[in-house]
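Numbering of ligands and ligand atoms starts at 1, following listing order. Atoms considered below: every heavy atom in the structure, side chains included; atoms not considered: hydrogens, waters and symmetry mates.
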Amino acid sequence: MINKNSPIPLYYQLEEHIKELIENGELMPGDALPPEREYAEKYQISRMTVRQAFTQLVNEGYLNRLQGKGTFVAERKIEQPLQGLTSFTEDMISRGLSPGSQLIHFEIIPATSQIAGQLMIQEYGPVYEIKRIRLADGVPMALETNYISANLVKGLTEEIVNQSLYAYIEGQLNLRIDSASQVIESSIASQTEANHLKIAKGAPVMLIQRNTYLQNGTPVEFVKSVYRADRYKFKIQMKR
Ligand code: 16G
């Protein structure tokens with residue numbers, strides 16, 4: 001498995017070997033890895049080399065290190081393609097996961113100038129402020145705050161947003177969601193975000209801001225989301 005005569009660094013060979021075991025299912029999420037010492041003895045390499053391979057795999061999200069407990073195979077990341085405009089509910093269903101929401105805030109507020117600007121409505125106009133923890137198979141994935149004009153999307157209720165917002169807008173109101181622009185940046189979880197997402201304070205997250213438009217160009221939502229960086233990755237197809 002490890003070829004000492006190869007010009008490829010030993011840590012890298014071990015890293016690729018462990019990745020293969022994870023990808024072909026021989027090592028499953030939650031499995032404990034044998035201690036560094038065991039790998040070192042088995043392959044006659046130094047513990048430093050094993051540690052370097054483990055560290056790389058932790059940084060790439062394949063492994064988690066738990067203080068005093070050992071090194072474990074991480075949960076797989078959800079890969080979301082960015083070319084289609086989909087809802088969280090649709091995304092989860094297409095992956096065979098069960099979508100869920102935990103509603104933590106639902107209120108009609110007067111739009112601040114920033115929100116009014118994003119939604120192209122008058123300042124102080126009525127907007128729904130909706131904060132939901134989005135769940136996949138019951139596991140928190142993202143914390144989402146939506147701002148939606150109450151004059152445009154009428155009749156929203158807590159029951160509706162416990163299901164799918166897009167399904168209501170399109171299925172019940174017959175509005176056509178057409179396009180969105182999205183900005184993604186990296187950050188770290190605040191204490192509140194960490195509590196909601198069940199991650200450590202300071203853990204890496206992705207901040208996503210989405211402005212979504214109807215076919216006639218009217219803004220239908222302005223959304224700020226915090227996604228767990230340990231469970232999500234985004235994929236974009238490019239062509240030249
Ligand atoms: C996604 C969208 C969010 C939208 C929600 C609707 C991102 C970053 N955000 O989470 O803008 O409000 O889907 O989901 O993808 P729903 O129809 O399941 O309520």
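For atom 19 (O) of ligand 1, the nearest protein heavy atom (residue, atom name, distance) is L165 N, 2.8 Å. Atom 2 (C) of ligand 1 has as its closest protein heavy atom R210 NH1, 3.4 Å. If you check which protein heavy atom lies closest to atom 17 (O) of ligand 1, you get S164 OG, 2.5 Å. Regarding atom 10 (O) of ligand 1, its nearest protein heavy-atom neighbour is E144 OE2, 2.4 Å.
Residue contacts with ligand 1: I208 is placed with no nitrogen or oxygen under 3.5 Å of a nitrogen or oxygen of the ligand (distance criterion only).
Counting atoms of ligand 1 from 1 in the listed order, those under 4.0 Å from a heavy atom of N146 are 12 (O). Using a 4.0 Å cut-off to heavy atoms of V223, the atoms of ligand 1 that qualify are 11 (O). Ligand-side atoms of ligand 1 in range of E221: 3 (C), 4 (C), 11 (O), 12 (O), range being under 4.0 angstrom from any heavy atom. Heavy-atom proximity to T89, at under 4.0 Å, picks out these atoms of ligand 1: 16 (P), 18 (O).
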D230 vs R228, test: salt bridge (Lys or Arg N to Asp or Glu O under 4.0 Å). Steps then yes/no. CA-CA 5 Å; D230 62 333; R228 288 174 59 161; 2.9 Å; yes
Could you give me the CA-CA distance, side-chain angles and deciding distance for S149 and N151, then say whether side chain to side chain donor-acceptor pair (under 3.5 Å) is met? CA-CA 5 Å; S149 163; N151 288 330; 4.9 Å; no
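Between the CE atom of M92 and the OG atom of S164 there is a distance of 12.0 Å, given to the nearest 0.5 Å.
For Y147 and Y128, the gap between ring centers reaches or exceeds 6.0 Å. Taking the six-membered ring for Trp and the full ring otherwise, the centers of Y39 and F54 sit less than 6.0 Å from each other.
In the candidate list F88, F222, Y166, F88 is nearest to atom 13 (O) of ligand 1, counting heavy atoms.
Look at E38 and K42 and you find no salt bridge, because none of the NZ, NE, NH1 or NH2 atoms lies under 4.0 Å from a carboxylate O.
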If you look only at distance, which donor and acceptor atoms sit under 3.5 Å apart when one is on a side chain in residues 134-143 and the other is two or more places apart or in another chain?
{"unit_1": "R134", "atom_1": "NE", "unit_2": "S101", "atom_2": "OG", "d": "3.1"}
{"unit_1": "R134", "atom_1": "NH1", "unit_2": "E144", "atom_2": "OE1", "d": "3.0"}
{"unit_1": "R134", "atom_1": "NH2", "unit_2": "S101", "atom_2": "OG", "d": "3.4"}
{"unit_1": "D137", "atom_1": "OD1", "unit_2": "S98", "atom_2": "N", "d": "2.8"}

Distance-only donor-acceptor hits, side chain of residues 231-240, under 3.5 Å, sequence neighbours excluded:
{"unit_1": "R231", "atom_1": "NE", "unit_2": "R76", "atom_2": "O", "d": "3.2"}
{"unit_1": "R231", "atom_1": "NH2", "unit_2": "R76", "atom_2": "O", "d": "3.0"}

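Residue T212 places no heavy atom under 4.0 Å from ligand 1. By the 4.0 Å heavy-atom criterion, Y227 is counted among the residues contacting ligand 1. Assignment of R132 to the shell around ligand 1 is supported, since a heavy atom sits closer than 4.0 Å.
Between V73 and L63, the shortest heavy-atom contact is CA-CD2, 4.0 Å.
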